[in-house]
Amino acid sequence: MEIKQIKQKLQIQKVLHYYDLKPDKNGMLNCPFHNDKTPSMKIYPETNTWTCFSSNCEAGTGDQIEFIQKKEKLTKHQAILKAASMVNGETQIANFKSQISSNTSMQQINELPNKQIINKIFTTFKNGLQSPHSKKPQEYLKSRHLWPLSGAEAGYNSGQFHHRGALNEQEFTDCIKSGLLIPNKSGNGNQVFAKDCIIFPLKNKTGEIVSLYGRSINNTSTSSAQRKSGKHYYLKNRTGLYPEHPKEETVTLILTESIIDAATLLQSSIINNQYSILALYGTNGLTDQHTQAIKELRNLKEIILFFDGDQAGRTALKTVSKKLSPLNLPLLTYIETPDNEDINSLLDGHEPDILKHLIDKRKQLFISTEKTLIEPEELKETKEPKEPEAKIPKLLNHKLTVTLHKITYTTKTATYHVKGSIPKAPDSMKITLETETPGNKYNIKSRTRFDLYEDKQVEKTSRAIGEKLDIRSDLIELDLNYLTTLLDEHREKQLFRSQ
């Protein structure tokens, strides 16, 4: 029996009964994955799925197997076997276990529920973008110098892909499980993932689409800075790389801050033919998948960091290069992006040749042993005397205020109080953080505990703080990046003094 058959035969009600859980008449129950005082989990028997709507829970949405996996803290493989036992009884598990082990890798098991439906829906997005009726998304891409598409792959989500009988019952269920459709808490209808967005595909090692990224087109401002602040969407459990995993023969790889920037470089046939291109997912978006893909490039000689010409971009140069340093790359270089510009915005006032010109003028990076500050060197040697290069600016002249029981960090955006002590172990930065805004008239504060070394936790915490204090989450995330570096330096000083 295959995984698909297990899901068809195993009802979510049977799984709940197994764990002595019973929804109320509205299909609600106390979520078993967090301390839930009032029912916040909604059960959808018709699709055999569930969703926890509590902001205090990270469980999100899942199916029968994912419920088992989270409830018993199992691997995906173990949860599938457990689900099979609920359907067939223990006597048939050995054969099923053998079938999975011999025919399917664990990565494929994780992708099975999503891959087929994601590919189907992305095809409709691609066709929708090419339609003569899709004037608005085409005009948006034209304003971003990405239309007509050349080298980049994208689609458009009008939010209609599930209407008028376009999906059968199984496909509708798969859309919910993959995150393309998000059930409303009331149980009536579904929200659509990344509606009114340009959709870019994220691919696995074999080139298959396994996830999606959406960029809103509703911000039509002529200002590149305001366009850049448009909303971003990733499918749940983000996986895959854009535009693809670099090919094995890659010699020189360009890393960009964003998918839009990578798509911009792909428009240039000269750049696209000479270099491999890989997008990070923001300044904190160098994931384990990125580093693993880079490790597998046996012919790699150089990585070029092409980041934004702002403080966040300069900070990213430091953090990303430190993460890449253990890979022992022969050459690590960076682009001197003009102030307050990014790859895409450069084309607003320049010919496309500006990108190749900047790449040709790239400089070498190295990490000094003293305070690990990134310093530039000329990429090519010259016999002519040259003036000392200016170092990449340090973080803003912000300082920590340290007292007995807390550490305070203040920016133009907010004031952050780190309560208690910070971990002494170098592989963790788990803190209790209290955040308030300047001139806090009503004494509204955000309090949370998380690990500054975990990018996903930082992103989620930034959004939660932003929603509560009504300030931009990207500015909070930038502040937390600065705070991490300052706390690192503070901890090193403390350890040095104690020796």
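Both backbone and side-chain heavy atoms feed into the values below; hydrogens, waters and symmetry mates do not.
Side-chain contact between Leu280 and Thr256 is absent, with no heavy atoms from C-beta onward closer than 4.5 Å. When side chains are defined from C-beta on, Tyr18 counts as touching Met86, because their heavy atoms get closer than 4.5 Å.
Using modelled atom types, one side-chain atom of Glu171 and one backbone atom of Asn168 make a donor-acceptor pair closer than 3.5 Å. Under a 3.5 Å cut-off, the side chain of Asn30 and the backbone N or O of Asp36 do form a donor-acceptor pair. Of the possible polar contacts, none joining the His350 side chain to the Leu347 backbone as a donor-acceptor pair under 3.5 Å is found. Side-chain N or O atoms of Gln64 include one that pairs as donor or acceptor with a backbone N or O of Lys7 at under 3.5 Å.
Judged purely by distance below 3.5 Å, without hydrogens or angles, the side chains of Thr47 and Thr173 never pair a donor atom with an acceptor atom. There is a side-chain donor-acceptor pair under 3.5 Å between Asn218 and Lys136. Remark: the Glu302 side chain and the Thr333 side chain contain an N/O donor-acceptor pair separated by less than 3.5 Å. With 3.5 Å as the limit, one finds a donor-acceptor pair spanning the side chains of Thr239 and Gln289.
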Going through the checks in order, is the side-chain hydrogen bond (donor to acceptor under 3.5 Å, both in side chains) test met by Asn272 and Ser269?
-> CA-CA 5 Å; Asn272 199 8; Ser269 59; over 6 Å; no

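Taking CZ of Arg144 as the reference point, atom CD of Gln267 lies at 12.0 Å (rounded to 0.5 Å). The distance from the CZ atom of Phe67 to the OH atom of Tyr19 is 7.5 Å, given to the nearest 0.5 Å. Between the CD1 atom in Ile465 and the OG atom in Ser473 there is a gap of 10.0 Å [rounded to 0.5 Å]. Summarising the geometry, atom CD1 belonging to Ile198 is positioned 5.5 Å from atom CG belonging to Leu129; distances are rounded to the nearest 0.5 Å.
Relative orientation of the Phe193 and Tyr233 rings is perpendicular, given thresholds of 30° and 60° on the angle between their planes. Using cut-offs of 30° and 60° for the angle between ring planes, the His162 and Phe172 rings count as tilted.
A 6.0 Å sphere centred on CG of Asp288 holds no more than 12 heavy atoms belonging to other residues, nucleotides or ligands. For CG of Leu327, the number of neighbouring non-hydrogen atoms (other residues, nucleotides, ligands) closer than 6.0 Å is greater than 12.
In this structure, Val192 and Leu181 approach most closely via the heavy-atom pair CG2-CD2, 4.1 Å.
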